[in-house]
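Before any comments, here is the structure.
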2 protein chains.
Amino acid sequence: MANISDIAKQAGVSKSTVSRVLNGHKHVSKEKRRIILDVMERLEYSPNGNAINLSRGKTNTIGVLVPRVGHPFFHQLLEGIGLVCMERNHTLLVIQTEHDPAKEEASMQYLRDKRIDGLIIGAISQPQLLETMRTVGPVVACEDHQDIVPSLFFNHGKAITMLLQHVEERGAKTVGLCLGNPDSGVGRVRREAFDQYLKTSTLCHGIQWYADRCYSFEDGQALAGQLLTIDLPDAIIVGNDEVAAGLIDQFRKDGIRVPEDIAITGFDDVPIARALEITTIRQPVVMLGRLAAEQLLSDALNQSESASSLLEPSLMIRQTT
Amino acid sequence: MANISDIAKQAGVSKSTVSRVLNGHKHVSKEKRRIILDVMERLEYSPNGNAINLSRGKTNTIGVLVPRVGHPFFHQLLEGIGLVCMERNHTLLVIQTEHDPAKEEASMQYLRDKRIDGLIIGAISQPQLLETMRTVGPVVACEDHQDIVPSLFFNHGKAITMLLQHVEERGAKTVGLCLGNPDSGVGRVRREAFDQYLKTSTLCHGIQWYADRCYSFEDGQALAGQLLTIDLPDAIIVGNDEVAAGLIDQFRKDGIRVPEDIAITGFDDVPIARALEITTIRQPVVMLGRLAAEQLLSDALNQSESASSLLEPSLMIRQTT
DNA sequence: TTGAAAGCGTTACCAA
DNA sequence: TTGGTAACGCTTTCAA
C-alpha cells in the first residue's frame, strides 16, 4: 500500500505538500496539486486512518454504551445517534455491556485510549463510574445523571405517575409492578416514582405483585404463570411493551380477561403495543438519540455549555386498561 | 497524560521493557515488572489505542454495513455480531447507509483506511462494489453474493415454498403475495420462488392480490382496506410479521375471520407473531450474525478457508392458517 | 509556496 | 533479561 512518502517521492515534492493537498490547504501551486492528485490516483493511494488519528489526537468517532442492541429502546437510540454521526461525518462505535459491570468499566478504556472522542451512555448500572469517565473525556448520558454528567432523558417518573393515575381513575385498588433491570438509572427512577405515588394514594401494592429482570415476550408469559398462583392485582404496570404483550397473551390463554380481570400497561409504544391495543407510554427515542449525539459533538468541540434536559412522555390510552 | 516514555523514565528502564510488560511478554524480571506496574498505577497510565493500531497495523475492530439499525432483521444481526465481538475482544463499528449508494461506497474507506480489520455486509444495493471491497480487506456478506465474497444467508426461496405448500395443504385455491422492497436481493428471490411454485401447482394468483413496499403494521392495515374492495384470496403470503399483524388486525376489525375467510402468513417470527399466533417463518438471525462475525474473524486471521453457506428456515405453524 | 524535521505513542527487531 | 532504534504514516511548526 502506498503511503504519503511514496506519493511525495513520485510527485517530486515533500510530504508536507502532499499533506497540504490532502487537507485542502491553500498555498499549494495549481500545478503541484495536479501532479500530486495524479500520482495518488495512479497509486490508488488512501491515507491511513490510524496515523491521522494518532497525529491529530482525535478520531471523529463516538462510542455508545448500551446493554443490548436488540432492545427496542436502545436500537432506536442507536438509530438517532447514527443519523447524526452520518450527517456530521463521524463514526459510531457500539459497546454492548449486557449489564455487566466489568464491561461497563472496560468501556471507559476506549475514551482513555483516545479511540473515541466521546461517549454516550445509553444505560449504566454503576453511575459512580461516570465520575471517572468525565475526567477522561466528554460524556453525555441518556439517563438522569445530571448531577454528574450532562444528561438528556425522559421523565420516567412522570410516566409512571401518569400510568398509575390512569389505572386508578379506571378503578384499580391494587397494583403490581414489573421492571427490567432494577439497578439501572431508569429502573431506580421508576421504582421511586411508583413508591412515591403509592404513599399519597389509596392504591395498594404488595411484594407478591413485584417482579423485575423481565425483558422479553417469554418473560411476560412466565410472569403471568407465576401471578396466576396468587390473587391478581387489579392492574399491573409493566416496564416494556413486549413483556406486557407476553403477560396479556398468557392471561388470555388462561381465560383471564384484560382489562376486566386485570389492567395492563406497557412502555415504549412499539408495534406490538398497537397490535394488541396496549395502553402504553410513547417516547421519541430516536430524537433523544439525535439530541444526545448533537450535545456530545458540540460538547467535544466546546461549542456550547453542556446542559441537561428532561423530555416529556405521552400516555397512549388503548384497550388494556 | 503519561505515555510509555514517561513510564520508562520514572521506572528507570527502556520503553522496550515497558512495552513487554504491557503485552505480557516473559523475559522481564519480577522486580522490574513490579516497579513498572507501580509507576503505571501512580501515573494512571493508559496506552494510546491509536498508536497501538498504527504500530500493529490492525485495530481489532470490525465494521458492519446496515441500511438502518432500527429494522428488526438488522438489529438482531448486530446483536449477534456484537456478542462475538465481546467474546473475542473486538470492537464493533456501525455504518448506517440508509440504502444510499454513496454511503455504501464511502464505507469501503474504513477498510482501506485500516480503521477496521474486516467488514460485514448486512445488505448492499450495489453488489458490484463487493468486487473492489474484497481486494481491500476481508469481507463477509449476509446476503447471497457467494459468487463474489463469502456469504452466509437464509434460504428465502425454500421458505416461500414451505409457506405455499402449507397453505395449499390447508385447502387454499387462490393465494396473494405482499413483499417489502421488491428490488432487494431478498425481494427478488422471494418473488422468483413464488412464481416458480405456482407454475407447478394448481394454486392461483392474480395481480389484484399482489402488493409490495409494505414495511409496517400500518401498511398492513392499509392493505387490508384495499383487499376488502375486491374478492379475497384464500391465503396471502406476507413478507414481514408486522405487516401481517396489521392485516390481521384490520381484517378482524372488519369482521373478516382469520384463517377461515383468509389465511395469513408472516415472516421473521418476531414477538408480535407469537402474540397474534401468526403462522410464520423463523430464522435464527442473531445466530447468523454470530456466524458471520466468526467467519470474518477467522478469515482475517487466515484460520480457515472462507466458505459460504445457506441457512435453513423453519415453518412455525400457528393459528392464522 | 515549499521543505525539513520534530512530533504523535506504540511495537518489534537486533544487539548486547 | 535488557536497551537502542527504526519503523508505523501522518500533521504541524519553523524557516526559507
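Per chain, numbering begins at 1; letters A, B, ... match sequence-line order.
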Of residues 105-116 of chain B, the positions that come close to DNA chain D - non-hydrogen atoms, cut-off under 4.0 Å: none
Quick one: does B:Q96's side chain have a donor or acceptor within less than 3.5 Å of a partner on B:V66's backbone? no
Going by the rule ring pair (Phe, Tyr, Trp, His ring centres under 6.0 Å), which residues pair with A:H145 if we only count those two or more places apart in sequence or in a different chain? none
Side-chain donor-acceptor distances from residues 13-25 of chain A under 3.5 Å, at least two apart:
residue : atom : partner : partner atom : Å
A:S14   : OG   : A:S16   : N            : 3.4
A:S14   : OG   : A:T17   : N            : 3.4
A:S14   : OG   : A:T17   : OG1          : 3.4
A:S19   : OG   : A:N23   : ND2          : 3.4
A:N23   : OD1  : A:R56   : NH2          : 2.7
A:N23   : ND2  : A:S19   : O            : 2.8

Looking at residues at least two apart in the chain, or sitting in another chain, which of them share a ring pair (Phe, Tyr, Trp, His ring centres under 6.0 Å) with B:Y110? none
Run the salt bridge (Lys or Arg N to Asp or Glu O under 4.0 Å) test against A:E79 and tell me which residues pass, sequence neighbours left out. B:R68
Examine distances only and state if a side-chain atom of B:T91 and a backbone atom of B:T61 form a donor-acceptor pair shorter than 3.5 Å. no
So where does chain A start and stop touching DNA chain C, 5' to 3', when the test is distance under 4.0 Å to a non-hydrogen atom? C:dT1 to C:dG9
Around atom CD of B:E44, are there more than 12 heavy atoms from other residues, nucleotides or ligands closer than 6.0 Å? no
Do A:D38 and A:R42 meet the salt-bridge criterion of a basic N to acidic O distance under 4.0 Å? no
With B:D268, which residues qualify under salt bridge (Lys or Arg N to Asp or Glu O under 4.0 Å), at least two apart? none
Just how large is the angle between the end axes of the helix from C:dT1-D:dA16 to C:dA16-D:dT1, five pairs per end, to 10 degrees? 40°
Using the salt bridge (Lys or Arg N to Asp or Glu O under 4.0 Å) criterion, which residues pair with B:R33? Sequence neighbours excluded. none
Quick one: ring pair (Phe, Tyr, Trp, His ring centres under 6.0 Å) pairs with a partner in residues 40-82 of chain A, sequence neighbours left out? A:H71-A:F74, A:H75-B:H75
Could you go through residues 129-136 of chain A and list every donor-acceptor pair under 3.5 Å that involves a side-chain atom there, pairing it with any protein atom two or more places apart or in another chain?
residue : atom : partner : partner atom : Å
A:R134  : NH1  : A:I148  : O            : 3.1
A:T135  : OG1  : A:T132  : O            : 2.5

Sequence-aligned protein contact record of nucleotides 7-16 of chain D, with B where the base is within under 4.0 Å of a protein heavy atom and S where only the sugar-phosphate is: -BBBBBB---
